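Here the structure is a predicted model, which means the values were calculated and not measured. Side chains are part of it too, since the values below use all heavy atoms of this structure and drop only hydrogens, waters and symmetry mates. One-based numbering, in listed order, for ligands and for the atoms of each.
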Amino acid sequence: MQEEIAGCRACPRLTRYREEIARVKRRAYRTETYWGRPVPGFGDPKAWLVVVGLAPAAHGANRTGRMFTGDRSGDFLYAALHRAGFANQPSSLRRGDGLRLRGAYITAPCRCAPPDNQPTPDELRRCAPFLSRELALLPNRRVFLALGAIGFKAILDALAREGDRVPGPRRRFGHGVSFALPSGRRVAASYHVSQQNTQTGRLTPEMFDAVLATLRGS
Ligand code: SF4
C-alpha cells in the first residue's frame with residue numbers, strides 16, 4: 001500500500017508541482033535528494049490514535065518522504081507526541097532517524113504537496129480512497145484527531161464511508177471539539193500545527209498538550 005501511494009500520479013497539477021519542487025529545491029537543502037512523491041502514512045500499525053493532517057509541505061514531507069518531517073509543523077507535532085508518550089524521541093528529521101511511534105499513526109487526506117498548501121476539492125476526492133484503505137489497515141483505531149478543518153472534514157467523510165456517522169447536522173470544526181460516534185469511537189479536532197498558527201500563538205504547546213491529554217482517557 002505504501003508503494004502504491006508513493007507511485008500515484010493521478011493528480012496532474014500536484015504531480016507537476018511536487019516534482020518541480022524536488023527538482024528546483026530550496027537553497028538550504030540543495031545538496032539533498034528530495035522525495036518528490038506522494039507521502040504514505042507513518043506510525044504504529046497497532047495505533048489507537050490516528051492523527052489526520054492536511055498535506056505534505058513542499059520542503060518538509062515532500063523533501064523527506066515522511067509525514068510532518070523536516071519542517072516547523074513537524075517539530076511542534078513530534079515534540080508534543082513525545083511529551084504525551086506517543087513518540088520515542090522529540091524530533092523527526094528524516095526517514096531512518098530512529099523515530100518510533102507507539103499507539104499513534106499519522107496520515108493526511110492529500111498525499112502530495114499542493115501549491116499554497118491548498119489541494120482542490122477534486123484532488124481531495126481523488127485521494128480519499130487512500131485514507132480509507134489506510135484506516136482499514138489499523139485494526140485498533142478508535143480515536144481520530146484532525147488537525148485543521150480540511151482534515152476534520154476528510155476524517156468525518158472517511159468514517160461515514162465506514163457507516164460511522166453521528167445522525168443530524170454535520171459537526172463543525174473547532175479547536176477542542178470532541179465527540180463520540182455511534183460506534184463508540186471518538187473524533188477530536190485541533191487547530192493545525194502549521195507555523196501560521198504556532199508562531200502567532202493561536203496554537204500553543206500547552207493547548208495542544210491539553211487536547212492530547214483528553215484523548216488519552218478516551
Ligand atoms: S494527491 Fe493523492 S490521488 Fe492525487 S496524485 Fe497525490 S497520491 Fe495520487
Side-chain angles (χ1 to χ4, degrees), residues 1-26 29 32-45 47 49-74 77-78 92 94-96 99 101 104-138 141 144-162 173 187 189-190 192-196:
M1 168 113 202
Q2 296 218 332
E3 283 173 18
E4 190 183 338
I5 290 174
C8 182
R9 304 178 65 82
C11 302
R13 184 185 81 116
L14 298 183
T15 302
R16 266 197 314 276
Y17 182 72
R18 74 187 194 219
E19 292 179 355
E20 176 68 2
I21 292 286
R23 190 181 63 76
V24 175
K25 306 180 185 180
R26 177 177 281 170
Y29 307 126
E32 295 189 24
T33 301
Y34 274 47
W35 176 256
R37 288 180 276 161
V39 180
F42 169 71
D44 182 357
L49 173 65
V50 182
V51 179
V52 185
L54 167 57
H59 300 279
N62 187 56
R63 174 171 60 90
T64 60
R66 186 160 74 193
M67 290 276 171
F68 284 101
T69 296
D71 60 18
R72 293 283 168 80
S73 304
L77 177 63
Y78 286 107
S92 179
R94 65 186 72 82
R95 291 159 68 90
L99 176 65
L101 298 187
Y105 191 88
I106 302 178
T107 186
C110 176
R111 310 304 175 122
C112 294
D116 301 321
N117 291 320
Q118 289 284 340
T120 65
D122 268 355
E123 288 161 352
L124 285 164
R125 259 193 300 278
R126 214 170 285 134
C127 212
F130 282 144
L131 180 59
S132 289
R133 288 173 55 199
E134 212 172 30
L135 292 178
L137 294 173
L138 301 170
R141 66 194 186 284
F144 306 89
L145 173 60
L147 307 181
I150 293 177
F152 184 71
K153 178 179 183 309
I155 192 63
L156 290 186
D157 287 348
L159 295 170
R161 287 193 293 275
E162 292 180 9
F173 171 78
V187 174
S190 163
H192 194 278
V193 294
S194 66
Q195 262 188 288
Q196 208 179 349

**Student:** What number of protein N, O or S atoms occur at distances under 2.8 Å from atom 6 (Fe) of ligand 1?
**Tutor:** 1
**Student:** Find the distance between CZ (Arg26) and CD (Glu32) and round it off to the nearest 0.5 Å.
**Tutor:** 11.5 Å
**Student:** Rounded to the nearest 0.5 Å, what separation is found between the CD atom of Gln118 and the CG atom of Leu54?
**Tutor:** 7.5 Å
**Student:** More than 12 non-hydrogen atoms from neighbouring residues, nucleotides or ligands closer than 6.0 Å to CG on Asp122, yes or no?
**Tutor:** yes
**Student:** Roughly how far, to the nearest 0.5 Å, is CZ of Phe42 from OG1 of Thr69?
**Tutor:** 6.5 Å
**Student:** Any carboxylate oxygen within less than 4.0 angstrom of a Lys/Arg side-chain nitrogen, looking at Glu162 and Arg141?
**Tutor:** yes
**Student:** Mind jotting down which residue pairs meet the side chain to side chain donor-acceptor pair (under 3.5 Å) criterion with at least one end in residues 146-155? Sequence neighbours excluded, please.
**Tutor:** Lys153-Asp157
